[in-house]
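Data block below; observations after.
The structure displayed is predicted, hence computed values, not measured ones. Residue numbers start from 1 in every chain, and the chains themselves are labelled A, B, ... in the order their sequence lines are given, proteins ahead of strands.
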Amino acid sequence: MPELPDVEGFRRVLAEHTGEPIVSVSVLDAGVLRGVTARRLSAALRGRRFEEPRRHGKWLLAPAGGPVLLLHFGMTGSLSWHPADEPRHRHDRVVWGLRGGELRYRDMRKLQGVRLTDAERAADVLEGLGPDALRVSRGELAGLLSHRRGRLKPTLTDQSVIAGLGNLLADEICWRARISPLRTAGDLDASELAALHRAMRRVLRDSVEAERVPPRDTWLTGARDDPEGACPRCGTPLSARRLSGRTTVWCPTCQPR
DNA sequence: GTCTTTGTTGACTC
DNA sequence: TGAGTCAACAAAGA
């Protein structure tokens, strides 16, 4: 599920357990380790404590007094807190044992994974990313989209433009702003940019609060998977097509080209 | 068996 | 050089 709101939720999970000594590091599936061995990961973190974690886009950074743990959750990852005696899930890949329980990195598909860096190299990873979507001002959004010749939807999910928006959020934001995802990103006028920014803030704020993109019936997300899905706002049957390899859903009435 | 999936990367093309 | 598109990665459900 991980888009920005989900990762923000994982950040909070980790933030609740900073300052506790890391007693153990268990790599249950080394297939999620990127550029680090199980041995080195364990040696680097054991005995240290996680400090205040930071999120940028869909990346979670967990400094631990020198080493920085870098987590990305791909499409199916999560980070959650469990009592140590709770049975492991089959997709738990890495487990950090703290005093009162365990932090578990769970990921079915292993599309991304766990890295170990230091502050400097962590900055390198983030350098290729645009500003975090939650911190983009209206003026900044206008600057990011201006002169872009690509369509709006794929531009919004391009992490090097804005970090944090995924397929569902981008569709949701376009729908709420009443702008077609097929529009050319650089062609939006001032009032459309304002609407887009408002929609982005609103969708992100609500999703972060719920720690997910809420599939409520007032959201496009709640209707998008139904082949007969109708616009929650006007009832028009939704349109769908693939755009840059991702399914894109919109309302042809609310979001005319 | 087929097709799809909330993400990212590198190869390819214009 | 910049920008956009697509296959590949892996696993599971319909």
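- When distances are taken from the side chain of A:Gln159 to each of B:dT4, B:dT8, C:dA11, the shortest belongs to B:dT8.
- When side chains are defined from C-beta on, A:Trp81 counts as touching A:His17, because their heavy atoms get closer than 4.5 Å.
- Between A:Arg106 atom CZ and C:dA10 atom P the separation is 21 Å, expressed in whole Å.
- A:Leu156 has its CG atom 17 Å from the C1' atom of B:dT8, to the nearest Å.
- In the set B:dT4, C:dA11, C:dA3, C:dA3 carries the atom at the smallest distance from any side-chain atom of A:Arg149.
- When each of A:Leu243 and A:His147 is assigned the nucleotide of DNA chain C with its nearest heavy atom, A:His147 is the one assigned upstream, toward the 5' end.
- Taking atom CG of A:Leu129 as the reference point, atom P of B:dT8 lies 8 Å away to the nearest angstrom.
- Of the candidate nucleotides B:dT4, C:dA12, C:dA10, C:dA12 has the atom nearest to the side chain of A:His91.
- Within the 4.5 Å cutoff, no side-chain heavy atoms of A:Thr155 are placed close to those of A:Ile162.
- Out of C:dT5, B:dT8, B:dT5, the shortest distance to the side chain of A:His72 is found at B:dT8.
- Put simply, CD on A:Glu3 is 12 Å from C1' on B:dT5, counting in whole angstrom units.
- A salt bridge links A:Arg55 with A:Glu8; the closest basic N to acidic carboxylate O contact falls under 4.0 Å.
- Defined by atom type and a distance below 3.5 Å, a donor-acceptor pair is present between the side-chain atoms of A:Glu172 and A:Thr221.
- Nucleotide C:dA11 holds its C1' atom 9 Å from the CZ atom of A:Arg90, rounded to whole Å.
- Summarising the geometry, the separation between CG on A:Asp158 and P on B:dT8 is reported as 10 Å, rounded to the nearest angstrom.
- A donor N or O paired with an acceptor N or O is not found under 3.5 Å between the base of C:dG4 and the side-chain atoms of A:Arg151.
- The interatomic distance linking A:Leu165 (CG) with B:dG7 (P) rounds to 10 Å, in whole Å.
- Because its NZ or CZ atom is not both nearer than 6.0 Å to the ring centre of A:Trp250 and within 45° of the ring axis, A:Arg241 does not count as a cation-pi partner of that residue.
- Nearest nucleotide to the side chain of A:Pro154, out of C:dA12, C:dT5, B:dG7: C:dT5.
- Atom CG of A:Leu168 is separated from atom C1' of B:dT4 by 13 Å (rounded to the nearest Å).
- Distance from the side chain of A:Ser244 is smallest for C:dT5 among the nucleotides C:dT5, B:dG7, C:dG4.
- Taking only side-chain atoms of A:Leu111, from C-beta outward, the nucleotide of B:dT8, C:dC9, C:dT5 with the closest atom is C:dC9.
- Projected onto DNA chain B by closest heavy-atom contact, A:Arg115 and A:Gly245 fall at different nucleotides, the more 5' of which corresponds to A:Gly245.
- Of all nucleotides listed (B:dT4, C:dG4, B:dT8), B:dT8 comes nearest to the side chain of A:Arg246.
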